[in-house]
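Remarks on the structure that follows.
A quick note: this is a predicted structure, and the numbers were derived from the prediction, not measured.
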Amino acid sequence: RWRMADVFGRPEDFFAASLRKMAGERLLGLNAIRSNPAIVAHSLTGTVDQGMTGEGLFTSFRELKPGTVDAVFDGWAPLRWCLFVEPVHFYRGESVHLQAVLANEDQLTPGEYPAHLQIFGPNNEKVWERSTKVRIAAPGSRPEPPFVLPVLSEAVVIDSPSGKYRFVTSFDQGAAPLGDEVFFHVGDRVEQPLVTGDVVLWGEDPTLAKWLVERGVTVRTF
């Protein structure tokens, strides 16, 4: 039977890991905000943990959580990439949707900026790349130049070994935004262990039962 002690040596380690996780989750939320052209402002009200919510940038003891300053600095950079990978974990040979958006608060001068988008595998091997150009309109143009510029939205099939992958972006010249890297994971069904025992299904979930049976798992109803 799985125990928390199998993952964390002591309760303090669990709480420390929870505090560290906040920075990544906050950065994900800031990505969504910065990449949305319909959002013109954001009020960060939860600066400190309240009750049992754990929503703050710092704890109830007024101690900054690990990675907090880095996440906020990155998330609110005037020029930054907002990168998304959906899903963040899938199996080899399946399709993943990549999205790259540039948040530009009047940081770039008018012109064309050559951009490079790449995916690197577990051993830093390049498995995909795309080149494009981002056009920045002159001030006073009509319609008014937006703060949010969609750069890429594409489905890509990854048929490479399992492991941790990086989706990265950069400009070849003229600009150096933050937020240029996001991670995702690829699994391989061949490497998955066989389930030798029965699985007890608690509740009515025909979709899950069908999924298990199709993969050779014996299912019993609770």
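Between the side chain of Thr68 and the backbone N or O of Leu57, at least one donor-acceptor pair lies under 3.5 Å. Without hydrogens or angle criteria, Gln50 side chain to Gly46 main chain gives no donor-acceptor distance under 3.5 Å. With hydrogens and angles ignored, the 3.5 Å screen pairs a side-chain donor or acceptor of Glu125 with a backbone N or O of Asn123.
Val182 and Phe120 are not part of a single hydrophobic cluster, where members link through side-chain heavy atoms under 4.5 Å apart. The cluster map of Ile, Leu, Val, Met, Phe, Trp and Tyr, joined by side-chain heavy atoms under 4.5 Å apart, puts Leu64 and Leu44 in the same cluster. Leu28 and Ile33 fall into different hydrophobic clusters, where Ile, Leu, Val, Met, Phe, Trp and Tyr residues are linked whenever their side-chain heavy atoms come under 4.5 Å apart, directly or through other members. Under a hydrophobic-cluster definition in which Ile, Leu, Val, Met, Phe, Trp and Tyr are linked whenever side-chain heavy atoms come within less than 4.5 Å, directly or via other members, Val69 and Phe58 are assigned to the same cluster.
Both tests pass for Arg189 against the ring of Tyr91: distance under 6.0 Å to the centre and angle within 45° of the axis.
Residue pairs meeting the salt bridge (charged side-chain N to carboxylate O under 4.0 Å, His left out) criterion with at least one member in residues 56-67, sequence neighbours excluded: Asp49-Lys65. Listed by first and then second residue, the salt bridge (charged side-chain N to carboxylate O under 4.0 Å, His left out) pairs involving residues 30-41 are Arg34-Glu105 (not counting sequence neighbours). Judged as a side-chain hydrogen bond (donor to acceptor under 3.5 Å, both in side chains), the pairs with a partner in residues 196-207 (not counting sequence neighbours) are, in order, Asp198-Arg220. Residue pairs meeting the side-chain hydrogen bond (donor to acceptor under 3.5 Å, both in side chains) criterion with at least one member in residues 74-84, sequence neighbours excluded: Asn31-Arg80, Asp74-Arg80, Trp81-Thr169.
Side-chain contact between Phe171 and Pro177 is present, with heavy atoms from C-beta onward closer than 4.5 Å. Using a 4.5 Å heavy-atom threshold, the side chains of Asp6 and Met4 count as separate. Between Ile158 and Val96 there is a side-chain heavy-atom pair separated by less than 4.5 Å. Residues Val72 and Arg26 form a side-chain contact, since some pair of their non-hydrogen atoms from C-beta on lies under 4.5 Å apart. Side chains of Leu108 and Tyr113 form a contact here, defined as non-hydrogen atoms less than 4.5 Å apart. In this structure, Leu117 and Trp128 have side chains that are in contact, with non-hydrogen atoms separated by less than 4.5 Å. Between Glu154 and Val156, the closest side-chain pair of non-hydrogen atoms falls below 4.5 Å.
The nearest pair of heavy atoms linking Val127 to Ser160 is CG1-OG, 3.7 Å. Nearest heavy-atom pair across Cys82 and Ala103 is SG-CB, 4.4 Å. Heavy-atom minimum distance, Thr221 versus Val200: C-CG1, 4.4 Å. Shown here for Ala100 and Leu83, the closest heavy-atom pair between the two residues is CB-CD2, 3.7 Å.
Residues that satisfy the side chain to side chain contact (heavy atoms under 4.5 Å, CB included) test with Leu201, not counting sequence neighbours, are Leu208, Ala209, Val219. For Phe90, the ring-ring contact (aromatic ring centres under 6.0 Å, His included) test picks out Phe184, with sequence neighbours left out. Contacts of Glu55 classified as salt bridge (charged side-chain N to carboxylate O under 4.0 Å, His left out), with partners at least two apart in sequence or in another chain: none.
Residues near Phe61 contribute nothing to a hydrophobic cluster around it, because no ILVMFWY side-chain heavy atom sits closer than 4.5 Å to its side chain. Listed by chain and number, the hydrophobic cluster partners of Val88 come to none, as no ILVMFWY side chain reaches under 4.5 Å of it. Within the hydrophobic cluster formed by Ile, Leu, Val, Met, Phe, Trp and Tyr side chains joined at under 4.5 Å, directly or through other members, Leu178 is accompanied by Phe73.
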Review item, side-chain donor-acceptor pairs of residues 14-25, under 3.5 Å, at least two apart:
| unit_1 | atom_1 | unit_2 | atom_2 | d |
| --- | --- | --- | --- | --- |
| Ser18 | OG | Phe14 | O | 3.0 |
| Lys21 | NZ | Glu25 | OE2 | 3.2 |

Quick one: side chains of residues 135-153, donor-acceptor pairs under 3.5 Å with protein atoms, not counting sequence neighbours, listed by atom name and distance.
| unit_1 | atom_1 | unit_2 | atom_2 | d |
| --- | --- | --- | --- | --- |
| Arg135 | NE | Glu112 | OE2 | 2.7 |
| Arg135 | NH2 | Glu112 | OE2 | 3.1 |
| Ser141 | OG | Ala138 | N | 3.4 |
| Ser141 | OG | Ala138 | O | 2.5 |
| Ser153 | OG | His97 | NE2 | 3.0 |

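Remark: Asp159 CG to Arg92 CZ distance equals 5.0 Å, nearest 0.5 Å. To the nearest 0.5 angstrom, Leu194 atom CG is 13.5 Å from Arg215 atom CZ. Here CD1 of Ile119 is found 9.0 Å from OH of Tyr165. Values are rounded to the nearest 0.5 Å. To the nearest 0.5 Å, the span separating CG on Leu102 from OG on Ser35 amounts to 11.0 Å.
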Would you check, one step at a time, whether the test side chain to side chain contact (heavy atoms under 4.5 Å, CB included) holds for Asp180 with Ser170? CA-CA 7 Å; Asp180 61 349; Ser170 61; 5.7 Å; no

Go through the steps to decide whether Val134 and Asn104 satisfy the test side chain to side chain contact (heavy atoms under 4.5 Å, CB included), and finish with yes or no. CA-CA 11 Å; Val134 178; Asn104 171 40; over 6 Å; no

Side chain to side chain contact (heavy atoms under 4.5 Å, CB included) for Ser162 and Glu191? Distances and angles first, verdict last. CA-CA 9 Å; Ser162 61; Glu191 300 173 357; 2.8 Å; yes

Would you sort out whether Phe183 and Val85 count as a side chain to side chain contact (heavy atoms under 4.5 Å, CB included), showing the intermediate values? CA-CA 8 Å; Phe183 297 95; Val85 178; over 6 Å; no

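Side-chain contact, Ser131 with His116: a donor N or O sits under 3.5 Å from an acceptor N or O.
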